[in-house]
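All chains are named by letter (A, B, ...) in the order of the sequence lines, taking the proteins before the strands, and each is independently numbered beginning at 1. All values below come from the heavy atoms of this structure, side chains included, with hydrogens, waters and symmetry mates left out.
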Number of protein chains: 2
Amino acid sequence: MNISRFTDYSLRVLIYLAAAKETSHIITIKEVAERYQISKNHLMKVVQELSANNHINATRGKNGGIKLNTAPENINIGQLVRSIEQGSTLVECFGKDNQCVITSSCQLKRMFAQAMESFFDCLDQYTLADLIKGENKAELRQVLMIPIE
Amino acid sequence: MNISRFTDYSLRVLIYLAAAKETSHIITIKEVAERYQISKNHLMKVVQELSANNHINATRGKNGGIKLNTAPENINIGQLVRSIEQGSTLVECFGKDNQCVITSSCQLKRMFAQAMESFFDCLDQYTLADLIKGENKAELRQVLMIPIE
DNA sequence: TAAAAGATGCATTTTAAATGAATCTTATTT
DNA sequence: AAATAAGATTCATTTAAAATGCATCTTTTA
């Protein structure tokens with residue numbers, strides 16, 4: 001059972017931006033990629049999608065960068081992961097080119113769909129704010145070398 | 001979000017065997033692979049694991065074959081999927097070679113672990129028997145061309 | 001107008017999973 | 001005993017999705 005690195009990176013970007021909130025320092029994709037030591041190219045695409053979904057605001061050009069578009073409290077983890085992972089195929093029968101011969105008389109799809117809903121419903125309990133609560137925020141700022149100012 | 005074909009095939013084998021229960025006809029891996037139109041080689045490995053976990057009984061030699069080791073009611077879907085998918089890496093920080101720099105101050109792992117538990121807990125509600133209930137059994141026997149006798 | 005940022009499209013690499021193939025082991029039947 | 005038919009095992013190969021890299025385009029600001 002796994003979730004794409006794309007989704008993982010999406011969350012990392014949001015955590016970075018949330019941890020750096022209330023800071024005057026401008027954040028770029030390059031910086032985020034360097035601090036996390038992950039591929040800048042991949043991160044560009046991740047940012048592009050987050051931006052397309054209005055979770056973050058990306059500005060081009062000199063002094064451009066990325067920042068959160070809403071308060072961390074308003075970014076729900078379940079909804080976010082759902083939206084990124086939508087279109088993924090949990091098992092063959094969820095996919096477009098399903099070849100399973102018993103599909104019509106198989107109850108598995110129903111069960112798995114329900115289980116997946118439980119998974120997301122659980123994540124629905126949390127928002128981005130829960131990820132930078134308490135001591136976490138300071139710790140994240142430190143590990144990610146986000147200047148406090 | 002996805003689950004391996006290995007797990008999918010495991011369920012298909014069990015469904016086949018459950019649907020063919022109370023039938024005198026001996027079932028071989030070859031037959032199951034043919035009916036589902038899937039790789040016999042892969043299925044062999046699937047069967048091997050199901051057999052190692054005592055879910056099914058495999059006998060070699062002439063007139064050998066595979067059959068369920070317990071009543072379908074006793075094979076829990078959640079437990080089964082859990083056992084096959086154990087060791088899979090939901091996201092990087094679940095894995096052995098986790099490189100994520102914020103791991104120590106990140107709450108995501110906890111949240112995802114909880115969500116995964118919800119997923120399996122949901123599947124825990126069902127057993128193999130639920131997959132061959134009512135009309136399903138007859139339908140499965142027909143699609144899979146299992147002789148009724 | 002130069003520099004610095006993100007956007008985009010295409011190519012390549014990586015990796016895990018799936019599949020194939022060959023051989024080994026076990027059991028049964030003749 | 002020998003032949004046959006089943007699963008078990010090991011190693012090699014293929015596949016497909018995801019990730020990454022690269023080049024170029026677009027936008028913004030100093």
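Between Arg5(A) atom CZ and dT13(C) atom P there is a gap of 18 Å when expressed in whole angstrom units. Atom NZ of Lys67(A) and atom C1' of dA5(C) are 14 Å apart (whole Å). Between the CD1 atom of Ile66(B) and the C1' atom of dA6(D) there is a distance of 11 Å, rounded to whole Å. Regarding Leu50(B), its CG atom lies at a distance of 14 Å from the C1' atom of dG7(D), rounded to whole Å. Put simply, CG on Asn57(A) is 13 Å from C1' on dA5(C), counting in whole angstrom units. Atom-to-atom, NZ of Lys96(A) to P of dA16(D) comes out at 16 Å; the value is rounded to the nearest Å. Per the geometry, CD belonging to Glu92(A) stands 14 Å off C1' belonging to dA17(C), to the nearest Å. Between the NE2 atom of His55(A) and the P atom of dG6(C) there is a distance of 19 Å, given to the nearest Å.
Taking 4.0 Å as the cut-off between side-chain N and carboxylate O, Arg5(B) and Asp8(B) do not count as a salt-bridged pair. Note on Glu49(B) versus Lys45(B): no salt bridge recorded, every NZ/NE/NH1/NH2 to OD/OE distance being 4.0 Å or above. Contact check on Lys40(A) versus Glu31(A) returns no salt bridge, with no Lys/Arg side-chain nitrogen under 4.0 Å from an Asp/Glu carboxylate oxygen.
Contact annotation: Thr59(B) does not reach the phosphate of dA6(D) (side-chain N/O to OP1 or OP2, under 4.0 Å). Taking side-chain N and O atoms only, Tyr9(B) has no distance below 4.0 Å to OP1 or OP2 of dA17(C). Side-chain N/O atoms of Ser4(A) include none lying less than 4.0 angstrom from OP1 or OP2 on dA17(D). For the pair Gln48(B) and dT9(D), the criterion of a side-chain N or O lying under 4.0 Å from OP1 or OP2 is met.
For a distance-only test at 3.5 Å, the side chain of Lys45(A) qualifies as a donor-acceptor partner of the base of dG21(D). Residue side chain Arg60(A) reaches the base of dT26(D) through a donor-acceptor N/O pair under 3.5 Å, judged by distance alone.
Geometrically, Lys109(B) engages Phe94(B) in a cation-pi contact, judged by NZ or CZ lying under 6.0 Å from the ring centre and within 45° of the ring axis.
Across the interface with DNA chain D, nearest-nucleotide mapping of Lys62(A) and Ile27(B) shows Ile27(B) to be the residue nearer the 5′ end. Along DNA chain C, the nucleotide closest to Val47(A) and the one closest to Asn2(A) are compared, and the more 5′ of them pairs with Val47(A). Nearest-nucleotide assignment on DNA chain C puts the 5′-proximal partner with Asp97(B), out of Asp97(B) and Gly61(B).
Neither side chain, Ser104(A) nor Glu139(B), offers a donor N or O lying under 3.5 Å from an acceptor on the other.
Among the protein residues, Asn63(A) comes within range of the sugar-phosphate backbone only, with heavy atoms under 4.0 Å from sugar or phosphate atoms but none that close to a base.
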